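For clarity, every value in this text was computed on a predicted model and none was experimentally measured. Naming convention: chains lettered A, B, ... in sequence-line order (proteins, then strands); numbering from 1 in each chain.
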Amino acid sequence: MQNMGWNKLFAVSLLSLAITGCASSGGTTDEAATTDTAMEESQTQAVPGSPGVDVVTEEQAEMAANPLLDQTVVYFGFDRSEIRPEFKDILNAHAAYLVANPQASVTLEGHCDERGTVEYNLALGERRADTVKRYLVVQGVNPNQLESVSFGEERPAVVGSDDSAWSKNRRTEINYQAR
Amino acid sequence: MMQRLFFILGLAFSVFAKAELTIEITQGIASSIPISVVPFQTTASTSSGDVLDDVIRNDLQRSGHFAVLAPNDMLSHPHTEDDLYFRDWRLLKQEYVVMGVTTELANGQFQVRYQLFDVFNERELLTQTLKGTQQQIRDVAHRISDAIYEQLTGIRGAFSTKIAYVTTNPERTRFNLSIADSDGAREKIILSSKYSIFSPSWAPDGKRIAYVMLEDAGSRVYLQDITTGKKELISSNKGLNSAPAFSPDGNKLALTLSKDGNPEIYVVDLTTRKWLRVTNHYGIDTEPNWMPDGKHIIFTSGRSGNPQIYRKNLETGYVERLTFEGHYNARARLAQDGRFLVLVHQAQAGGDFHIASLDLTRGLLQILSSGTYLDESPSVSPNGVMVMYAAKHNKRSILAAVSVDGDVKFLVPSKSGDVREPAWGPYPN
């Protein structure tokens, strides 16, 4: 609970940072937001002469450079939809990014392994997408940035009928529609 | 004679090779009834390659209730009563003999007259004359099988029924919703899509099928007219649109929507398009199925922590839990006027998934399936005797069938790719 409060505070402070960033630079763009991990070495910089591209604040660059953002899948136990503690850091990183970049949006795709019934798994997949959605919203993300969809057991990440394949298929994928 | 036999065999083989599904009987009942179906006398040309009495023998054999004598093992091939010597059939320990004569009629039609005899009592039990076109040989054969089955077991035959199922290539890039005879013959693709198709549900009139298509934006429920192929969008709300099930009168569809934030059961009147919310719980509620009275809906709910089967009275709103034995009980279907539930059952966490039956009056749960793996999607024949389900077998998705009493078992593998989501159609009109 204490931790969550801190996260909220963190999210709010990030949000204010983002707002200040926007106010000073006149808004970040998709291009600026998609800076990848290479930014860690190189310094933040504007692209000269291209209109609509602005200076990226150091905080935003740091955030976008967060390697946790490269992790876009969280996994679940069988017939479970609650978030496992080991995935909270990943979700916190995405939450921070989404808060700092209000123009960014993601689709949360819930998936299941092949065991159990097709329809119950479709509902369970939605639960998995929705628990991630709720978690991100609690971290301060605007629900309008989040869309959830369930693919049930229909789109496995790994084909196979063993524990290793199943554990990789019980997942929610965070797919950025806009950065 | 030999040449003609080869000709027929050749034709039969080509038809067999074309069919997507085949049937491998794995278990019949020990006390199966010995019956002989003598090759029918025929003057009609068999342009379709289907042989009437072959289809009947296969039907009866597949039911598991009969031990069908191969024509080669018969002492004679009589076609009329004058040639029928009961002593011969007693010698072969046969209890019943079927013989028939087909004659060609004008304009491509044919007629068949068949008789069923009781060998011990030396009397005729059944005589019927049926007419059909060359394309209807299988329909006529299945009708004859239905009549023989009902005469000898007291249960209406379901050989004339159709099954719907979904086939997919190993890459899962193409999904076909198909309809075939209950023996897998005469497969017809009614819908082909790059999107996953599941939960086909027959209208009681057998003329329409509702199903779910999982598009990129999520699940959608469609209703398709089988004869015209016309496809109609029934539900595309935000969230889930899934698990359609026709009411017994065919006027309503129960389905699962999560537009209000959580998977719940709804009923839509197909004429007025008025929606009614049936369940209201924060747990998952899905997989509705109507009781024959049209006043109760059974469904799967995760409200107790794991999926279990519940029944809701639509008039009083009373909800009752039906399954208590097992860790995971889901997707129940009703058999024998609602006296039995057939469902997907996992006894304990981490255990295998089987098809089980639950006797609702005695509360007795019986595991029906064995030899297959990850069993799911049970669908009951309209006479309540057989359950077809999807399973993994030798790393492929196949259909399998088991009788509601667990005694008869057969596999229905596909020639190519995977086959899933069987739905047994209603009796033909």
Side-chain angles (χ1 to χ4, degrees), chain A residues 76-82 105-135 137 143-144 146-167 169-170 172-173 175-177, chain B residues 166 168 170-172 175 195-199 212 214-219 238-244 255-256 258 261-264 283-288 299-302 305-307 327-332 343-344 346 349-350 352-353 373-378 390 392 395 397 420-421:
Chain A
F76 297 86
F78 175 69
D79 199 21
R80 313 303 312 184
S81 57
E82 65 272 4
S105 66
V106 296
T107 301
L108 303 165
E109 282 185 8
H111 297 269
C112 301
D113 70 33
E114 61 179 348
R115 292 176 298 164
T117 67
V118 172
E119 289 288 358
Y120 197 81
N121 280 338
L122 191 71
L124 185 62
E126 184 178 70
R127 289 242 138 167
R128 287 176 180 162
D130 281 346
T131 41
V132 171
K133 184 177 178 177
R134 269 200 304 277
Y135 184 87
V137 169
N144 294 332
L146 308 168
E147 196 65 55
S148 58
V149 61
S150 173
F151 290 116
E153 59 178 85
E154 302 303 313
R155 297 187 183 182
V158 177
V159 177
S161 294
D162 51 44
D163 283 328
S164 139
W166 290 332
S167 63
N169 290 334
R170 296 188 300 263
T172 293
E173 292 186 8
N175 289 333
Y176 278 86
Q177 302 301 310
Chain B
V166 177
T168 169
E171 301 78 35
R172 295 180 65 80
F175 298 84
Y195 295 119
S196 184
I197 305 163
F198 50 91
S199 298
V212 181
L214 188 56
E215 299 171 2
D216 290 329
S219 49
K238 195 172 147 51
L240 302 183
N241 299 273
S242 206
L255 30 76
T256 303
S258 63
N262 193 48
E264 303 285 0
I284 291 171
D285 291 329
T286 187
E287 300 175 336
F299 60 98
T300 309
S301 179
N306 300 317
H327 177 74
Y328 188 118
N329 288 303
R331 203 196 185 270
L343 43 82
V344 176
Q346 186 194 34
D352 289 339
F353 288 87
Y373 175 64
L374 289 175
D375 305 340
E376 62 178 324
S377 305
K392 280 270 159 92
K395 294 191 173 175
S397 290
R420 299 170 72 203
E421 296 290 286

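Qualifying salt bridge (Lys or Arg N to Asp or Glu O under 4.0 Å) partners for R134(A), counting only residues two or more places apart in sequence or in other chains: none. In terms of the salt bridge (Lys or Arg N to Asp or Glu O under 4.0 Å) criterion, residue partners of D216(B) (sequence neighbours excluded) are, by chain and number, R155(A).
Between the E154(A) side chain and the S196(B) main chain, no donor and acceptor come within less than 3.5 Å of each other. In this structure, Y328(B) contributes its side chain and T117(A) its backbone to a donor-acceptor pair below 3.5 Å.
When each of E421(B), E287(B), Q346(B) is scored by its heavy-atom pairs under 4.5 Å with chain A, the top score falls to E287(B). Ranked by heavy-atom pairs under 4.5 Å with chain A, the list G218(B), P263(B), A330(B), A243(B) is led by A243(B). Contacts with chain B were tallied for V159(A), V149(A), V118(A); V118(A) has the most, counting heavy-atom pairs under 4.5 Å.
The parts of N306(B) that come within reach of chain A are both its backbone and its side chain, each placing non-hydrogen atoms under 4.5 angstrom from that chain. Proximity to chain A is limited to the side chain of K238(B), based on heavy atoms less than 4.5 angstrom apart. Of the atoms belonging to E215(B), it is backbone heavy atoms, and not side-chain ones, that fall under 4.5 Å from chain A. With a 4.5 angstrom heavy-atom cutoff, A217(B) touches chain A only via backbone atoms. Looking at I284(B), the atoms closer than 4.5 Å to chain A (heavy atoms on both sides) sit in the backbone and in the side chain alike. Of the atoms belonging to F78(A), it is side-chain heavy atoms, and not backbone ones, that fall under 4.5 Å from chain B.
Residues N262(B) and E126(A) form no side-chain contact, since every pair of their non-hydrogen atoms from C-beta on lies 4.5 Å or further apart. E376(B) is not listed as a side-chain neighbour of E119(A), based on a closest heavy-atom distance of 4.5 Å or more.
One distance of note links OG of S199(B) with CG of L122(A); it measures 8.5 Å at 0.5 Å rounding.
A side-chain contact (heavy atoms from CB on, under 4.5 Å) with Y120(A) is found for exactly one of V344(B), T286(B), T256(B), namely T286(B).
Taking each heavy atom of L214(B) and S150(A) in turn, the nearest pair found is CD1-O, 3.5 Å.
Between E114(A) and R420(B) there is no salt bridge, since no side-chain N of the basic residue sits under 4.0 Å from a carboxylate O of the acidic one.
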